[in-house]
Amino acid sequence: MAHTPPSFTIGIEEEYLLVDQDSLALSEAPDGLIEACAAALDGQVSPEFLQCQIEIGTRVCGDISAAREDLKRLRSTVAKIAGDYGLAPIAASCHPFADWKEQHHTKRDRYTELEKDLAGVVRRMLICGMHVHVCIDDQNARIDTMNQLSYFLPHLLALSASSPFWQGNDTGLASYRLTVFDNLPRTGLPPKLSGWSEYERSVDALISMGLIEDSSKIWWDLRPSASYPTIESRICDVSPRMEDALSLAAATQCLCRMLYRLARNNQRWRIYEGFLLGENRWRAQRYGVNGGLIDFGKREIISMGDLVEEMIELVEEDADALGCQAEMENLRRIISGGTSADRQRRVYENSLAAGQDTKDSLDAVVRHLIEEFHEDL
């Protein structure tokens with residue numbers, strides 16, 4: 001019987017923070033905003049854990065062009081409706097100066113249970129991410145791809161970094177978001193699994209003991225989706241620029257196809273210990289694209305510029321087949337111009353150099369993030 005390859009259709013979920021257009025501080029979504037967005041976007045928008053957050057999700061997209069069209073519509077509509085309330089969305093993983101202790105969680109049963117279950121850990125979750133779904137119908141192929149794709153998660157994190165500031169301080173990290181998220185249970189790099197049955201047994205053990213109600217409470221950097229026949233990458237910070245988000249989604253899609261293609265040819269990407277991959281994950285979190293990652297075969301630290309060139313070459317056939325060559329090549333723009341974390345720091349430092357104080361300079365960063373949200377719309 002002929003084998004039917006996966007469709008590799010994609011979906012993108014993004015979380016945004018809502019800020020007051022005048023004060024630039026976080027603002028809770030007023031009555032009517034979420035409802036207006038949901039009505040305009042046919043249910044593709046929802047509240048998040050905190051009342052100052054909003055989440056969108058594209059439809060199932062056949063290719064990156066369809067994802068661009070849908071994501072542009074979602075971002076534009078949220079921005080327009082938020083503007084009617086004097087607010088603006090920003091797509092950064094941490095607000096530069098907000099205090100998590102001043103935020104309130106959304107009054108929904110799921111979020112109330114989360115706060116009850118996770119206590120002080122979840123109350124600090126003033127962070128936003130981007131999730132990319134890639135359809136791989138076969139369950140065992142999904143796990144096999146997940147085992148291999150874990151190698152590339154630090155690459156994607158480094159390119160997406162957008163959270164250098166936390167509570168008014170420069171953390172020194174490119175992605176502070178993960179230091180907050182990693183306090184939750186069942187997070188971090190996924191374990192190596194032998195197949196779908198081992199994954200199910202592990203999840204069912206927790207469900208049967210009443211510790212979680214379903215697999216949506218497994219918050220690994222990469223997981224089989226609880227709702228769709230997809231592999232779901234959750235490693236990325238959310239990107240202020242829409243085109244950068246699309247490039248990261250395209251890279252995830254291409255890497256999945258490349259790894260599946262290798263498997264069909266009885267080849268595979270070498271699987272390394274989580275201990276080693278965790279070292280690259282930390283380097284990405286700390287340095288973004290500026291520190292390089294370890295090539296475990298060569299036992300050398302390789303610059304992110306060289307790694308991106310390798311990745312573009314590695315998935316060339318897949319980018320051609322999926323129609324996302326331009327999006328892959330756009331990764332070079334992130335290398336040359338820096339990540340969002342780099343750009344935020346430049347805005348902050350330039351403002352200080354121009355004689356502005358710390359508060360005004362942090363405000364300048366928020367204004368910059370609002371501008372970048374609208375850049376590609």
Side-chain angles (χ1 to χ4, degrees), residues 1 3-11 13 60 110 113-114 117-118 121 129 131-157 178 181-236 251-282 284 294 296-297 318:
M1 187 170 68
H3 178 81
T4 304
S7 64
F8 299 109
T9 52
I10 59 171
E13 297 169 346
V60 177
R110 170 181 168 83
E113 282 299 311
L114 266 180
D117 186 32
L118 300 172
V121 169
H131 304 162
V132 179
H133 292 260
V134 180
C135 181
I136 300 175
D137 305 274
D138 181 87
Q139 292 172 332
N140 282 313
R142 216 176 298 157
I143 297 297
D144 188 49
T145 304
M146 190 173 87
N147 287 337
Q148 297 176 77
L149 185 62
S150 293
Y151 179 86
F152 295 97
L153 293 176
H155 301 62
L156 297 170
L157 173 61
L178 279 191
F181 194 73
D182 285 348
N183 284 293
L184 293 178
R186 303 177 294 278
T187 55
L189 292 164
K192 292 190 291 291
L193 297 164
S194 60
W196 185 260
S197 58
E198 183 184 6
Y199 171 69
E200 276 201 317
R201 279 196 306 274
S202 300
V203 173
D204 287 347
L206 297 183
I207 294 173
S208 67
M209 290 184 283
L211 302 177
I212 59 174
E213 64 266 26
D214 57 48
S215 63
S216 70
K217 295 292 178 65
I218 306 292
W219 294 307
W220 299 329
D221 297 339
L222 182 65
R223 70 179 184 184
S225 169
S227 305
Y228 309 106
T230 62
I231 187 169
E232 180 187 359
S233 170
R234 304 164 51 82
I235 189 70
C236 288
T252 307
Q253 184 190 28
C254 287
L255 288 166
C256 285
R257 188 182 187 278
M258 180 272 292
L259 294 169
Y260 185 85
R261 175 166 55 82
L262 287 182
R264 298 303 299 164
N265 293 325
N266 291 319
Q267 299 171 299
R268 62 189 296 105
W269 201 259
R270 182 171 173 183
I271 295 176
Y272 291 92
E273 285 298 323
F275 167 71
L276 294 176
L277 298 184
E279 194 66 23
N280 266 347
R281 185 182 188 266
W282 161 248
I294 306 162
F296 297 111
D318 311 284

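These figures come from a predicted structure and were not determined experimentally.
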K.L.:
Less than 4.5 Å apart, any side-chain heavy atom of Ile218 and any of Pro224?
P.N.:
no

K.L.:
Is there side-chain contact between Arg142 and Ser225, with at least one heavy-atom pair below 4.5 Å?
P.N.:
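Not touching, per the 4.5 Å side-chain cut-off.
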
K.L.:
Going through the distances and angles, do Tyr260 and Arg264 end up as a side chain to side chain contact (heavy atoms under 4.5 Å, CB included)?
P.N.:
CA-CA 6 Å; Tyr260 185 85; Arg264 298 303 299 164; 3.6 Å; yes

K.L.:
Return the minimal non-hydrogen interatomic distance between Ile136 and Pro6, and the atom names on each side.
P.N.:
CA-CB, 4.0 Å

K.L.:
When rounded to the nearest 0.5 angstrom, what is the spacing between CD in Gln148 and CE in Met258?
P.N.:
8.0 Å

K.L.:
Check step by step if side chain to side chain contact (heavy atoms under 4.5 Å, CB included) holds for Asp221 and Arg281.
P.N.:
CA-CA 10 Å; Asp221 297 339; Arg281 185 182 188 266; 2.7 Å; yes

K.L.:
Nearest 0.5 angstrom please: Ile271 CD1 to Leu149 CG, how far?
P.N.:
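Going from the CD1 atom of Ile271 to the CG atom of Leu149 covers 11.0 Å.
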
K.L.:
Which residue pairs satisfy the salt bridge (charged side-chain N to carboxylate O under 4.0 Å, His left out) criterion with at least one member in residues 187-210, sequence neighbours excluded?
P.N.:
Lys192-Glu273

K.L.:
Can you name the closest pair of heavy atoms from Asp182 and Gly188 and give their distance?
P.N.:
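For Asp182 versus Gly188, the nearest heavy atoms are OD1-N, 4.2 Å.
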
K.L.:
Please examine the side chains of Thr230 and Val134, heavy atoms only from C-beta on, and report whether any two atoms are closer than 4.5 Å.
P.N.:
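The answer is no; the side chains never approach within 4.5 Å.
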
K.L.:
Might you point out which heavy atoms bring Phe181 and Arg234 nearest each other, and give the distance in Å?
P.N.:
CZ-NH2, 3.8 Å

K.L.:
Determine yes or no for a side-chain-to-main-chain donor-acceptor pair under 3.5 angstrom, with Asn140 supplying the side chain and Trp196 the backbone.
P.N.:
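Flag set: sc Asn140 to bb Trp196 pair under 3.5 Å.
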
K.L.:
Not counting sequence neighbours, which residues clear salt bridge (Lys or Arg N to Asp or Glu O under 4.0 Å) with Asp318? List them please.
P.N.:
Arg257, Arg261

K.L.:
Taking the side chain as every heavy atom from C-beta outward, state whether Ile212 and Arg186 have any atom pair closer than 4.5 Å.
P.N.:
yes

K.L.:
Is there a side-chain contact between Trp220 and Thr187 in this structure, where contact means two heavy atoms from C-beta onward sitting under 4.5 Å apart?
P.N.:
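The answer is no, as the side chains (C-beta and beyond) never meet within the 4.5 Å cut-off.
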
K.L.:
Please work out whether the ring planes of Trp269 and Phe152 are parallel, tilted or perpendicular, with thresholds of 30° and 60°.
P.N.:
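If you compare the ring of Trp269 with that of Phe152, the planes turn out tilted.
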
K.L.:
Which distance, rounded to the nearest 0.5 Å, do you find between the OG of Ser150 and the CG of Leu259?
P.N.:
10.0 Å

K.L.:
Please report the interatomic distance CG(Leu157) to SG(Cys236), rounded to the nearest 0.5 Å.
P.N.:
7.0 Å

K.L.:
I want to check something: taking the side chain as every heavy atom from C-beta on, are Leu153 and Leu277 in contact at a cut-off of under 4.5 Å?
P.N.:
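No. Closest side-chain heavy atoms not under 4.5 Å.
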
K.L.:
Roughly how far, to the nearest 0.5 Å, is the NZ atom of Lys217 from the CG atom of Leu211?
P.N.:
11.0 Å

K.L.:
Tell me if a side-chain donor or acceptor on Asp214 pairs with a main-chain N or O of Ser216 at a distance below 3.5 Å.
P.N.:
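Present.
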
K.L.:
Please examine the side chains of Ile235 and Leu189, heavy atoms only from C-beta on, and report whether any two atoms are closer than 4.5 Å.
P.N.:
no

K.L.:
Evaluate Ile231 against Cys256 for side chain to side chain contact (heavy atoms under 4.5 Å, CB included), listing each step before the verdict.
P.N.:
CA-CA 9 Å; Ile231 187 169; Cys256 285; 3.8 Å; yes

K.L.:
Contact between Leu276 and Ile294 at the side-chain level, heavy atoms closer than 4.5 Å - yes or no?
P.N.:
no

K.L.:
Which residues pass the side chain to side chain contact (heavy atoms under 4.5 Å, CB included) test with Arg270, sequence neighbours left out?
P.N.:
Tyr272

K.L.:
Kindly indicate, with the supporting measurements, whether the criterion side chain to side chain contact (heavy atoms under 4.5 Å, CB included) is fulfilled by Ile207 and Val203.
P.N.:
CA-CA 6 Å; Ile207 294 173; Val203 173; 3.7 Å; yes

K.L.:
Between Asn280 (side chain only) and His155 (backbone N and O only), is there a donor and an acceptor less than 3.5 Å apart?
P.N.:
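Not confirmed, Asn280 side chain does not pair with His155 backbone.
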
K.L.:
State the CZ-NE2 distance between Arg223 and His133, to the nearest 0.5 angstrom.
P.N.:
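Going from the CZ atom of Arg223 to the NE2 atom of His133 covers 7.0 Å.
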
